[in-house]
Participant: 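I have a structure I would like to understand better, so I am pasting it below and will then ask my questions one at a time.
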Amino acid sequence: MALRVYNTLTGRKEEFVPLEPGKVKMYVCGVTVYDHCHIGHARANVVFDMIFRYLKYVGFDVTYVRNYTDIDDKIINRANRDGIPWHEVSRRFIAEFDKDMASLGLELPTHQPKATEHIPEIIAIVERLQEKGHAYAVAGDVYFRVATFADYLKLSKRNLEDMQAGARVEVDERKENPMDFALWKGAKPGEPSWESPWGAGRPGWHIECSAMSMKFLGETFDIHGGGKDLVFPHHENEIAQSEAANGSPFVNYWLHNGFVNINSEKMSKSLGNFFTIKEVLERYDAEVLRFFLLSAHYRSPIDFCDQNLTEAHTGLERIYKGLAEIHRLCDGRVAAGDSLSDSGRELEEKVTAIGIRFREAMDDDFNTALAIAGLFDLIRGVNRVATEDSVVNVRLHQILDAARQAVGDVARVLGIFSSVPVEYLGRIKSRRAAALEISTEEIEELIAQRALARKTKDFRRSDEIRDLLLSRNIVLLDSPAGTTWGVK
RNA sequence: GGCGACGUAGCCAAGUGGUAAGGCAGAGGUCUGCAAAACCUUUAUCCGGCGGUUCAAAUCCGCCCGUCGCCUCCA
């Protein structure tokens with residue numbers, strides 16, 4: 001089955017056919033580096049990281065470009081506010097972005113260009129647009145003349161008249177058309193600037209992406225991604241600039257991820273209901289966040305709230321416990337023979353199917369929710385074997401090993417489940433234990449006392465200890481091998 | 001005002017023409033001294049409402065109701 005993707009440009013799912021067989025050229029809008037990243041950035045970047053990984057998984061040679069917007073009004077404002085140079089702001093938040101993305105387990109894109117390192121390329125495009133009559137200069141600024149680009153608004157499917165009727169923007173009298181947008185901004189005194197044919201200034205917001213994508217991917221490339229909120233005006237303007245300058249199609253497939261809501265409300269700085277990635281990672285493991293973000297389809301809105309994160313945590317833990325079972329069964333004694341129990345046969349079927357199910361799910365516009373469902377199904381099969389089969393023979397061992405490998409494939413694409421299971425489980429246990437008001441030593445001591453009580457069948461004392469620990473959020477798990485504990 | 005998206009069980013969430021995945025929570029059972037975990041069974045005669053197309057619709061079309069987003073910087 002071929003990969004199908006939802007293309008914002010056509011509003012439909014389409015079969016993905018790259019320009020050059022076997023190769024994919026992909027550009028994703030990065031961040032403007034003026035503040036810490038929030039979970040909206042986390043989603044966008046995790047989603048396209050997953051897409052990047054999957055394209056590679058199915059055998060494409062992928063060139064993935066993600067930019068840093070390192071010069072912008074917001075950066076200048078922040079620098080003025082903090083009383084530091086603008087490049088200090090961008091340098092700092094590039095480092096913070098890199099740190100955040102690394103903690104979320106993202107792979108590095110092929111290229112991570114910066115806007116300020118492409119000023120000559122940007123100026124060249126603006127000049128070309130001016131030569132072709134698509135742009136005009138006014139007192140040091142240069143604007144794109146939207147009236148000259150017939151396809152303007154083809155991505156966001158609006159029309160100029162309606163846009164102007166509902167416009168909430170102050171009209172700039174110097175523009176020929178209120179919808180014309182800045183390609184180059186003349187510098188006011190004290191502002192950072194680069195020399196240009198129009199005087200000292202800096203690039204407009206959209207032009208950098210046209211310049212950098214062209215440099216690394218060519219005039220026409222396969223995939224351009226970003227958050228839904230970038231459709232208008234950012235991506236619309238990129239199309240206008242690039243296609244007007246080059247006279248060739250800009251992008252074949254436009255992919256946009258949905259928003260993150262906070263407790264069902266739009267996340268925004270003015271509402272004060274946004275969380276930075278760092279804040280979230282203080283409360284939840286990075287894999288939990290990643291699992292949560294991928295447990296819904298990338299185009300759907302997703303609601304960030306404690307209940308949903310807790311559910312994600314529980315689900316992820318279930319899978320890791322299952323993986324730990326696979327390891328335990330595989331690493332134990334292997335008996336001779338190749339007969340299979342019902343549960344063994346059932347697992348064999350699930351293992352055989354999982355690879356195909358995963359491909360089908362992902363080929364359908366990267367349906368990670370469905371892919372994860374398949375994984376849960378496999379894990380149930382594993383647990384059933386663990387419960388019902390006391391002996392692992394050669395054949396069952398092979399099946400379990402195949403299950404382990406199948407999960408490994410999914411793990412590499414989703415960027416989850418790639419920890420060693422017992423390490424993950426230990427990690428979340430110590431994370432929770434750190435929040436407890438009782439030390440590990442005290443817990444161990446109480447468990448020892450309880451073991452003694454149980455030995456003498458003093459179950460009253462035994463239950464007393466368990467209830468005491470439970471009141472401190474400690475859950476005990478008795479097994480023939482002894483008692484272990486976990487945090488509720 | 002213009003444009004667009006969405007509305008599936010208590011909750012989260014797949015499913016775009018063939019008779020409702022998966023997870024969480026709940027109930028019953030197995031196991032256990034009792035629990036926990038795990039496993040088994042179970043939980044939507046039905047997919048916001050009303051019409052229409054079709055042999056057949058949650059899935060296509062129309063209208064209505066509701067929620068949300070974009071139109072200003074935004075992932």
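Letters A, B, ... mirror the listed sequences (proteins, then strands); counts begin at 1.
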Participant: May I ask you to say what A/His256 touches in the nucleic acid, namely base, sugar-phosphate or nothing, with a heavy-atom cut-off under 4.0 Å?
Facilitator: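 Answer is nothing: A/His256 stays at 4.0 Å or more from every strand.
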Participant: Is there aromatic stacking of A/Phe459 on B/G33 here, judged by a ring-centre distance under 5.5 Å and a plane angle under 30°?
Facilitator: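 Answer is yes, a stack.
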Participant: So, is A/Asn383 near the phosphate of B/C39, with a side-chain N or O under 4.0 Å from OP1 or OP2?
Facilitator: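 For B/C39, OP1 or OP2 has a side-chain N or O of A/Asn383 closer than 4.0 Å.
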Participant: At their closest point, which heavy atom of A/Leu375 faces which heavy atom of A/Ile354, and how far apart are they?
Facilitator: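 Closest approach of A/Leu375 to A/Ile354: N-CD1, 4.0 Å.
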Participant: By nearest atom, which of the nucleotides B/A35, B/A75, B/A36 is closest to the A/Asp478 side chain?
Facilitator: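 The nucleotide sitting nearest to the side chain is B/A35.
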Participant: Let's see if you can work this out: which of B/C39, B/A36, B/A21 has an atom nearest to the side-chain heavy atoms of A/Ala373?
Facilitator: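 The nucleotide sitting nearest to the side chain is B/A21.
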Participant: What is the base-pairing partner of B/G62, counting Watson-Crick and G-U wobble geometry with both distances under 3.5 Å?
Facilitator: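 When the pairing criteria are applied, B/C50 turns out to be the nucleotide that pairs with B/G62.
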Participant: Scan A/Glu325 against the nucleic acid and name what it touches under 4.0 Å (heavy atoms): base, sugar-phosphate only, or nothing.
Facilitator: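 A/Glu325: no heavy atom of the nucleic acid under 4.0 Å.
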Participant: A/Thr387 has a side chain; which of B/A75, B/C39, B/C34 sits nearest to it?
Facilitator: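 My answer, after comparing the listed nucleotides, is B/C39.
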Participant: Establish, yes or no, whether a centroid distance under 6.0 Å links the rings of A/His224 and A/Tyr253.
Facilitator: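 No, ring centres 6.0 Å or more apart.
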Participant: Quick one: on RNA chain B, does A/Lys321 or A/Leu370 contact a more 5' nucleotide (nearest heavy atom)?
Facilitator: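 By nearest-heavy-atom nucleotide position, the 5'-most residue is A/Leu370.
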Participant: Expressed in whole Å, how much space separates the C1' atoms belonging to B/A58 and B/U19?
Facilitator: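 Rounded to whole Å, the distance is 11 Å.
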Participant: Both distances below 3.5 Å, Watson-Crick or wobble geometry, any strand: find the nucleotide opposite B/C31.
Facilitator: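 In the structure as shown, B/C31 has no Watson-Crick or wobble partner.
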Participant: Quick one: is B/G4 close enough that its OP1 or OP2 comes under 4.0 Å of any side-chain N or O from A/Arg299?
Facilitator: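 No, no such contact exists.
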Participant: Distance criterion of 3.5 Å, no angle test: do you see the side chain of A/Asp73 paired donor-to-acceptor with the base of B/C73?
Facilitator: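 Absent.
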Participant: Which sits closer to the 5' end of RNA chain B, A/Asp377 or A/Ser462, going by the nucleotide each is nearest to?
Facilitator: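 With A/Asp377 and A/Ser462 compared, the 5'-side residue is A/Asp377.
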Participant: With both distances under 3.5 Å as the test, what is the Watson-Crick or G-U wobble partner of B/U45?
Facilitator: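 Looking at the geometry, B/U45 pairs with no nucleotide.
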Participant: Using the C1' atom as the reference point in each nucleotide, state the distance between B/A75 and B/C12 in Å, no decimals.
Facilitator: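 About 22 Å, rounded to a whole number of Å.
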Participant: Classify the side chain of A/Thr314 versus the base of B/G23 as yes if they form a donor-acceptor pair under 3.5 Å and no if they do not.
Facilitator: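 No such pair is found, so the answer is no.
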Participant: With heavy atoms under 4.0 Å as the rule, sort A/Leu476 into base, sugar-phosphate or nothing.
Facilitator: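 Result for A/Leu476 = base.
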Participant: Side chain of A/Asp463, heavy atoms from C-beta onward: which of B/C34, B/U16, B/A21 has the nearest atom to it?
Facilitator: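 Nearest to the side chain of A/Asp463 among the choices is B/C34.
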Participant: Write down the partner of B/A5 under the Watson-Crick or G-U wobble criteria, each distance required to be under 3.5 Å.
Facilitator: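 Here B/A5 is engaged in a pair, and the nucleotide opposite it is B/U67.
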Participant: Going by an N to O cut-off under 4.0 Å, is there a salt bridge joining A/Glu348 and A/Arg345?
Facilitator: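 A salt bridge is absent here (no side-chain N lies under 4.0 Å from a carboxylate O).
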Participant: So, OP1 or OP2 of B/A14: does either fall under 4.0 Å of a side-chain N or O from A/Ser300?
Facilitator: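 Checking B/A14 against A/Ser300, a side-chain N or O does come within under 4.0 Å of OP1 or OP2.
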Participant: Nearest 0.5 Å, what's the CZ-OG1 distance between A/Arg384 and A/Thr387?
Facilitator: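 A/Arg384 CZ to A/Thr387 OG1: 9.0 Å, rounded to 0.5 Å.
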Participant: Any donor-acceptor pair under 3.5 Å joining the side chain of A/Arg158 to the base of B/G4?
Facilitator: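 No, no donor-acceptor pair under 3.5 Å.
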Participant: Would you indicate what A/Ala296 reaches in the nucleic acid, counting non-hydrogen atoms under 4.0 angstrom: base, sugar-phosphate, or nothing?
Facilitator: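 Sugar-phosphate: the residue A/Ala296, judged by heavy atoms under 4.0 Å, touches backbone atoms but no base.
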Participant: Check the pair A/Arg158 / A/Ser156 against side-chain hydrogen bond (donor to acceptor under 3.5 Å, both in side chains), numbers first and verdict last.
Facilitator: CA-CA 6 Å; A/Arg158 306 156 198 254; A/Ser156 52; 3.3 Å; yes
Participant: Out of B/C71, B/A38, B/G69, which nucleotide sits closest to the side chain of A/Phe259?
Facilitator: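 Closest nucleotide among those given: B/G69.
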Participant: Checking contacts here: which listed nucleotide (B/C40, B/G22, B/U16) is nearest the side-chain heavy atoms of A/Arg384?
Facilitator: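 Nucleotide nearest to A/Arg384's side chain: B/C40.
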Participant: With sugar-phosphate meaning primed atoms plus P, OP1 and OP2, does A/Val260 contact a base, only sugar-phosphate, or nothing at under 4.0 Å between heavy atoms?
Facilitator: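 Result for A/Val260 = base.
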Participant: What distance, rounded to whole Å, do you find between the two C1' atoms, one in B/C39 and one in B/C31?
Facilitator: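 Per the computed distance, 9 Å lies between those C1' atoms.
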Participant: Consider the side chain of A/Arg454, meaning its heavy atoms from C-beta on, and name the nucleotide among B/G15, B/G33, B/C24 that approaches it most closely.
Facilitator: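 Side chain of A/Arg454 sits closest to B/G33.
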Participant: Rounded to the Å, how far apart are A/Glu238 CD and B/A75 C1'?
Facilitator: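 Whole-Å distance recorded here is 14 Å.
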Participant: Could you tell me which nucleotide pairs with B/A75 by Watson-Crick or G-U wobble geometry, both distances under 3.5 Å, or answer none if nothing does?
Facilitator: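 Looking at the geometry, B/A75 pairs with no nucleotide.
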Participant: Could you tell me whether A/Arg427 and A/Glu287 have a side-chain N and a carboxylate O separated by less than 4.0 Å?
Facilitator: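 Between A/Glu287 and A/Arg427 there is a salt bridge, with a charged N closer than 4.0 Å to a carboxylate O.
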Participant: Would you indicate, yes or no, if B/C70 has its OP1 or OP2 atom less than 4.0 angstrom from a side-chain nitrogen or oxygen of A/Lys266?
Facilitator: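 For B/C70, OP1/OP2 do have a side-chain N/O of A/Lys266 under 4.0 Å.
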Participant: Taking only the side-chain heavy atoms of A/Asn308 (C-beta and beyond), determine which of B/C12, B/A36, B/A38 contains the nearest atom.
Facilitator: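 Minimum distance to the A/Asn308 side chain belongs to B/C12.
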Participant: Name the pairing partner of B/U19, where a pair is Watson-Crick or G-U wobble with both distances under 3.5 Å, or state none.
Facilitator: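 Partner of B/U19: none found under 3.5 Å.
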Participant: Whole angstrom is fine here: how far is it from CD1 in A/Ile372 over to C1' in B/A21?
Facilitator: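 Atom CD1 in A/Ile372 sits about 13 Å away from atom C1' in B/A21.
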Participant: Once side-chain hydrogen bond (donor to acceptor under 3.5 Å, both in side chains) is applied, do any residues pair with A/Arg299, and if so which ones, sequence neighbours excluded?
Facilitator: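 Scan of A/Arg299 (side-chain hydrogen bond (donor to acceptor under 3.5 Å, both in side chains), adjacent residues dropped) gives A/Asp365.
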Participant: Does the pair A/Glu96/A/Lys99 count as a salt bridge with the N-to-O cut at 4.0 Å?
Facilitator: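 Yes, A/Glu96 and A/Lys99 are salt-bridged.
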Participant: Suppose you measure atom C1' in B/G62 against the same atom in B/A57; what distance do you get, rounded to whole Å?
Facilitator: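 Straight-line distance between the two C1' atoms is 15 Å.
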Participant: Taking OH from A/Tyr320 and P from B/A38, how many angstroms apart are they, rounded to a whole number?
Facilitator: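 Spelled out: OH on A/Tyr320 to P on B/A38 is 17 Å.
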Participant: Contact class for A/Arg460 (heavy atom, under 4.0 Å): base, sugar-phosphate, or nothing?
Facilitator: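 No contact.
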Participant: Decide, yes or no, whether a salt bridge links A/Asp409 with A/Arg359 under the criterion of side-chain N to carboxylate O below 4.0 Å.
Facilitator: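 No.
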Participant: Whom does B/G10 pair with, Watson-Crick or G-U wobble, provided both distances fall under 3.5 Å?
Facilitator: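 The base-pairing partner of B/G10, which may sit in any strand shown, is B/C24.
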Participant: Between A/Asp73 and A/Arg202, is there a salt bridge with N-O shorter than 4.0 Å?
Facilitator: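 Salt bridge present between A/Arg202 and A/Asp73.
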Participant: Roughly how far apart, to the nearest Å, are B/U8 and B/C46 at atom P?
Facilitator: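 Between the two P atoms, the distance is 16 Å.
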Participant: To the nearest Å, how far apart are A/Leu477 CG and B/A35 C1'?
Facilitator: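 A/Leu477 atom CG is separated from B/A35 atom C1' by 9 Å.
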Participant: From OH of A/Tyr298 over to P of B/A5, roughly how many Å is that when rounded to an integer?
Facilitator: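 From A/Tyr298 OH to B/A5 P: 15 Å.
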Participant: Provide the distance between the two C1' atoms, one in B/A5 and one in B/U16, to the nearest whole Å.
Facilitator: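 Comparing C1' positions in B/A5 and B/U16 gives a spacing of 15 Å.
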Participant: Using a heavy-atom cut-off of under 4.0 Å over every strand shown, decide if A/Gly227 touches base, sugar-phosphate, or nothing.
Facilitator: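 Touches sugar-phosphate only.
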Participant: Please state the C1' separation for the pair B/G17 and B/C47 - nearest whole angstrom.
Facilitator: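 One C1' to the other, the span is 15 Å.
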Participant: Report the base-pairing partner of B/A37 (Watson-Crick or G-U wobble, both distances below 3.5 angstrom), or none.
Facilitator: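 When the pairing criteria are applied, nothing turns out to pair with B/A37, so the answer is none.
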Participant: Looking only at the side chain of A/Glu311 (C-beta and beyond, no hydrogens), which of the listed nucleotides B/G22, B/C12, B/G33 gets closest?
Facilitator: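 Nearest listed nucleotide: B/C12.
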Participant: In whole Å, what separates the P atom of B/C24 from that of B/A20?
Facilitator: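 Approximately 23 Å lies between the P atom of B/C24 and that of B/A20.
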Participant: Look at the side-chain N and O atoms of A/Asn367 and state whether any lies under 4.0 Å from the OP1 or OP2 oxygen of B/G15.
Facilitator: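 The answer is yes; a side-chain N or O of A/Asn367 sits under 4.0 Å from OP1 or OP2.
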Participant: Please work out if A/Gly258 contacts a base, only the sugar-phosphate, or nothing of the nucleic acid, heavy-atom cut-off 4.0 Å.
Facilitator: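 Base: the residue A/Gly258, judged by heavy atoms under 4.0 Å, touches a nucleobase.
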Participant: If only side-chain N and O atoms of A/Arg380 are considered, is one of them under 4.0 Å from the OP1 or OP2 phosphate oxygen of B/G23?
Facilitator: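 For A/Arg380, the contact criterion (side-chain N or O under 4.0 Å from OP1 or OP2 of B/G23) is met.
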